[in-house]
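Below is one structure, written out as structure tokens; comments come after it.
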Amino acid sequence: MTSNSQVAAQFSLRAVLALGAACVVVGFSLFPLYIMITTALKSESDIFSWPPTWTFEPTLQAFKNAFLLFGGQNVLVFLFNSVLITAASTVLAVGLGSMAAYALARFPFRGSKHLAFFILSTRFAPPVAFIVPIYLMFRSVGLIDTHLALILFYTSMNLSFVIWVLRGFFADIPIELEEAALVDGYTRWQVFLRIALPLVRPGLAATAILSAVFAWNEFLLANIITQRDAATIPVYLSGFSASMGIAWGEYMAVGFFAVAPIMIFTLFLQRHLVRGLTFGAVR
Amino acid sequence: MPRIEFDNVSKRYAPSSAAVENLSLTIEDGSFLCVLGPSGCGKSSTLRMLAGLESITEGEIRVDGKRYNELKAQSRDFAMVFENYALYPHLDVYGNLAMPLAARKMPRQEIARRVEEIANTLQISDQLRKKPRQLSGGQRQRVGLGRAIIRDTRTFLMDEPLGHLEAYLRQQLRTEIRRLHEELGATTFYITHDQEEAAAISDRIAVMSEGRLQQTGDLLTLLDNPVNRFVAEFIGNLPISILPASIASNAASPELSVGDARIPFSERRASEIADSTRVAAGRLEAGVRPDAVTLHEESARHRLPLRVSVVEPVGDMAVIVADGPAGRLRAAVPSDSAPSPGNSVHAEFDASRILLFDGDGRNILRKT
């Protein structure tokens with residue numbers, strides 16, 4: 001009896017410690033978000049009060065301003081640009097990348113390993129190194145300040161790593177599954193769609209998240225090749241520091257729109273990040 | 001039902017090494033052929049070439065006289081069962097069974113009806129909503145079988161389908177497979193390394209080794225009339241004993257010497273040997289199955305003196321492993337008359353069942 005309760009006490013102590021540690025980590029991670037959201041909801045006088053107030057009268061004024069700022073160019077325009085460019089480049093990168101990865105995993109040819117590495121190597125150079133040539137290229141084909149320019153750039157940046165990651169996922173599928181489907185009467189293309197793709201779902205989710213995060217957050221190129229029509233949320237955010245000092249409430253309100261969509265997207269896809277989908281397929 | 005022909009088929013993965021070499025084999029329509037061989041003998045490559053999963057380096061595979069070499073796997077209309085089941089893990093049992101039918105654009109109701117029918121046949125009706133990972137090995141292979149038989153295929157390819165199952169399930173499922181074969185009358189090409197399974201399930205066995213077809217026939221033919229030493233050693237529950245032998249030519253009547261034993265040989269058999277020794281260079285080996293040996297306490301001119309090393313009980317029989325200057329001999333004797341290790345014994349051979357191999361391992365007494 002004593003030993004049992006001792007064990008129970010020990011166990012609960014460990015649980016409390018683990019829970020405490022988890023709380024610290026979560027609090028540390030969420031604190032900036034908390035500051036962002038509360039600042040966005042504070043009135044200007046509350047924002048600048050010292051010491052900072054923990055309780056305040058929430059106001060939606062900053063959010064309203066965010067929709068009216070910059071002569072009608074409100075946050076929705078930039079939000080739309082970001083969503084369109086991120087969605088299109090992610091779909092393209094994962095769609096094209098999965099086909100290329102499947103081909104590399106399933107149809108080895110002379111030098112296919114070198115090709116795979118070459119594809120990955122396109123990601124080695126820091127983007128800032130080729131920003132000028134990219135700018136000149138886009139200018140010569142008239143793509144400056146267009147959605148297409150950013151979609152193309154983000155797709156090509158993400159493709160290399162999508163291919164590299166998914167190639168491993170495809171190679172892990174037991175080949176017999178695809179052979180069984182071929183013998184069952186499916187074409188190679190149908191096997192890809194109906195067998196291979198569903199089985200690499202975790203890989204698709206992971207690469208889609210990382211591609212989307214990259215496209216959503218990219219600032220350097222977006223800032224240089226877009227001015228108005230195709231400017232994304234990060235470009236819009238950077239504009240705040242220029243004019244009339246920083247409007248902190250509006251800045252944080254727009255920041256909320258910069259963070260929320262990608263967080264929701266990631267949370268939505270996260271449940272597909274399960275391991276061991278092919279478990280039980282063979283043996 | 002289709003008739004399958006392999007015509008001088010070879011498969012090379014690299015120019016120098018052949019996985020399958022000059023294989024010629026015909027599977028009559030509606031028959032059940034077992035390809036039997038040790039691992040790496042080329043039996044799987046053979047099946048995969050037939051299925052269209054592997055290209056053919058040389059030769060031709062014909063089905064009902066039609067060349068199949070270039071035909072894609074999905075157009076061959078074969079059904080295949082895999083050693084490791086290869087069930088689609090993201091689909092439930094129903095989805096797995098429905099896949100071959102969906103590929104043929106069968107209407108939904110028809111698919112549902114067929115799936116139910118097959119599930120009943122294989123006693124997996126209550127598993128239809130389960131995913132493969134929730135099933136036991138035996139249930140998984142039942143689903144694998146179901147997926148093969150659900151469409152009206154006339155040819156089954158089975159690649160060691162029972163290899164991963166435990167003995168009891170293996171026996172149960174092989175009966176099932178044979179029953180399905182009788183019912184459907186399909187041509188079946190079955191691969192295994194288990195000779196007992198091959199004998200129980202098939203009409204005809206093809207023995208392969210090192211990429212080459214050695215012999216085809218039923219189990220009795222392979223046991224009593226093997227084409228060479230490999231088949232003799234590979235087939236048989238108890239290993240055959242191989243001992244150096246020679247023909248005593250200057251004796252009054254033909255004699256075969258195995259070690260110190262001088263065994264009288266019939267004139268006819270002796271002349272067969274005399275004929276074929278022309279090709280073979282001198283060296284002869286005698287193969288004796290354990291059940292063609294009797295052990296005696298008294299010595300005799302036609303008996304081989306040996307000392308017992310090991311006694312292995314096998315039910316009501318015991319396998320006596322005995323050694324002598326000529327080599328090692330295995331004999332199967334009733335348990336109650338088994339000698340003890342260390343005993344001297346004199347082995348007598350059933351002369352009509354002795355096999356003789358020449359220097360190249362060919363059986364020179366083979367009746368054709």
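- No donor-acceptor distance shorter than 3.5 angstrom exists from the side chain of B/S31 to the backbone of B/I27, with no hydrogens or angles considered.
- Separation of the A/F161 and A/W164 ring centroids does not fall under the 6.0 Å cut-off.
- When B/M99, B/R48, B/R76 are compared by the number of non-hydrogen pairs under 4.5 Å with chain A, B/M99 comes out ahead.
- No hydrogens or angles considered: a donor-acceptor pair under 3.5 Å links the side chains of A/Y102 and A/R188.
- Annotation: maximal heavy-atom pairing with chain B below 4.5 Å, among A/E178, A/R194, A/Q190, occurs at A/R194.
- Of the two parts of B/A102, the backbone and the side chain both hold a non-hydrogen atom closer than 4.5 Å to a non-hydrogen atom of chain A.
- Ring geometry, B/F32 versus B/Y190: the interplanar angle falls from 30° to 60°, so the pair is classed tilted.
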